[in-house]
Each structure stands twice: as structure tokens, then as C-alpha cells.
Amino acid sequence: MKVAVGCDHGGFHLKEAIKGLLEKQGIEYKDFGTYSTDSMDYPDVAKTLAEAVAVGEFDRGILTCGTGIGIGIAANKVKGIRAALCHDTFSAHASREHNNANVLTMGERVIGQGLALEIVDIWLHTEFEGGRHAKRVDKISAIEE
Ligand code: RB5
């Protein structure tokens, strides 16, 4: 599995912690930045990362900002992206099983690092259930046409 990770200044420390988890699990990843806590605009990194996921260069993307909201809204503007904001383990499971989310977003100012890493672990290792959910995800894609 190839994973793309990215953040703005508000999500920098969480992104670094996520990279540590990916390294521990031997998961290949690319860091799309930002690379410090210097202020930057989250739509810039969201667009670059989401486009790379949408064309299939990466299997999944993980984006962090202060809240996980702005960066997720921006990522969802890219065709083919289903970005899910998950700050609990139930949503992490459901966003994969039901929505086939291909981008996970989280907010460093919202969630503790321990829970955030548990969510990443669940989200990366949970498969889409398909079946009745596939029809619904197809309907989401149809909205993009
Ligand atoms: C940056 O201050 C903050 O607005 C950003 O990280 C994010 O929370 C936006 O949704």
C-alpha cells in the first residue's frame, strides 16, 4: 500500500507522528508537506495530495490541519476523492466499510495523538464492504459528472 501524507502548519506535529506509525508498520509513504509550523494555506497541500490519490499514484491519503475540516473540504473538491473527517474509531471503520473513503482527515487541535494513531491504524487496515454500499458510493461519483 502506498500512502500520501500532508498537512498545514496546524497539523504538522500530528503528520510527523503519523509518519512514525507508517514507518513502524513498513508502509510506503510520500510526505507532501508542509514541513514546518510556518503558516501556510491548507488548500494548496490538499489539492496536490488529492490529485495524486485521484490519479492512482497512491492508494490512500492522510491530511491533517488544526481541525481536519478545511483540508478535508478542499480535498473533496478533487474529482474521485472521498475525504472523511474521523475523530473516533467508529467513524474510522465506517468511513472505509461504508464510504470507501480514500482520504482520512484529522485535526491536531481536536484530538490526542494516541487516539489519532489508533484511528489511522484502523482506517488503513479496514476494507470497503461493497454490496449495497457500492451503489451509494457510485451515486456520489455520479454527482461529480
Ligand atoms: C489554521 O489556523 C487553521 O485554520 C487550519 O489548520 C484548519 O483548522 C482549517 O480548517
Side-chain angles (χ1 to χ4, degrees), residues 1-129 133 136-145:
M1 178 187 294
K2 282 175 74 178
V3 176
V5 297
C7 67
D8 77 350
H9 54 285
F12 173 73
H13 297 108
L14 181 52
K15 189 245 314 174
E16 293 302 301
I18 291 167
K19 282 164 57 181
L21 178 74
L22 296 175
E23 277 160 29
K24 214 165 84 185
Q25 296 194 358
I27 296 173
E28 190 183 342
Y29 71 85
K30 179 177 171 181
D31 184 352
F32 281 74
T34 188
Y35 305 105
S36 75
T37 53
D38 293 348
S39 184
M40 60 85 70
D41 300 328
Y42 57 80
D44 296 336
V45 65
K47 181 176 186 289
T48 316
L49 181 147
E51 285 174 347
V53 172
V55 298
E57 213 178 305
F58 296 89
D59 302 298
R60 309 271 185 87
I62 303 173
L63 286 167
T64 60
C65 66
T67 60
I69 297 172
I71 212 157
I73 291 173
N76 273 320
K77 298 294 179 191
V78 174
K79 186 175 171 182
I81 293 302
R82 293 176 299 280
L85 173 65
C86 299
H87 284 145
D88 65 274
T89 56
F90 179 84
S91 300
H93 278 288
S95 74
R96 287 291 310 135
E97 288 168 350
H98 293 199
N99 314 118
N100 201 13
N102 50 11
V103 172
L104 168 68
T105 77
M106 289 184 293
E108 178 179 320
R109 296 171 187 162
V110 180
I111 191 171
Q113 212 173 85
L115 177 56
L117 295 184
E118 193 178 329
I119 286 167
V120 170
D121 187 38
I122 288 167
W123 189 80
L124 287 175
H125 299 101
T126 302
E127 291 307 313
F128 180 46
E129 276 182 9
H133 302 297
R136 294 162 187 164
V137 172
D138 287 347
K139 287 189 176 190
I140 294 174
S141 303
I143 296 169
E144 295 176 330
E145 298 307 325

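In what follows, residues are counted from 1 in the order of the sequence shown. Read the numbers this way: they start at 1 and go in the same order the structure lists the ligands and their atoms.
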Using a 4.0 Å cut-off to any heavy atom of [X], which atoms of ligand 1 qualify?
{"X": "H9", "result": "1 (C), 2 (O)"}
{"X": "D8", "result": "1 (C), 5 (C), 6 (O)"}
{"X": "G66", "result": "5 (C), 6 (O), 7 (C), 8 (O)"}

(request) Check for a donor-acceptor pair, side chain of D8 on one end and backbone N or O of D41 on the other, with a separation under 3.5 Å. (result) no
(request) May I ask you to decide if S141's main-chain N or O and D138's side chain share a donor-acceptor pair within less than 3.5 Å? (result) no
(request) Have a look at V120 and tell me which of L104, V3, I27 forms a side-chain contact (heavy atoms from CB on, under 4.5 Å) with it. (result) L104
(message) Below 30° counts as parallel, above 60° as perpendicular, anything between as tilted: where do the rings of H98 and H133 land?
(response) parallel
In terms of residue, atom name and distance, what is the protein heavy atom nearest to [atom]?
{"atom": "atom 9 (C) of ligand 1", "result": "Y42 CE2, 3.4 Å"}
{"atom": "atom 3 (C) of ligand 1", "result": "R109 NH1, 3.8 Å"}
{"atom": "atom 7 (C) of ligand 1", "result": "C65 SG, 3.3 Å"}

(message) Using the rule side-chain hydrogen bond (donor to acceptor under 3.5 Å, both in side chains), only one of T34, T64, D31 pairs with K15; which is it?
(response) D31
(message) If you take the nearest heavy atom of each of A74, G70, C7, G72, which one is closest to atom 10 (O) of ligand 1?
(response) G70
(message) Would you say NZ of K47 has more than 12 non-hydrogen atoms from neighbouring residues, nucleotides or ligands within 6.0 angstrom?
(response) no
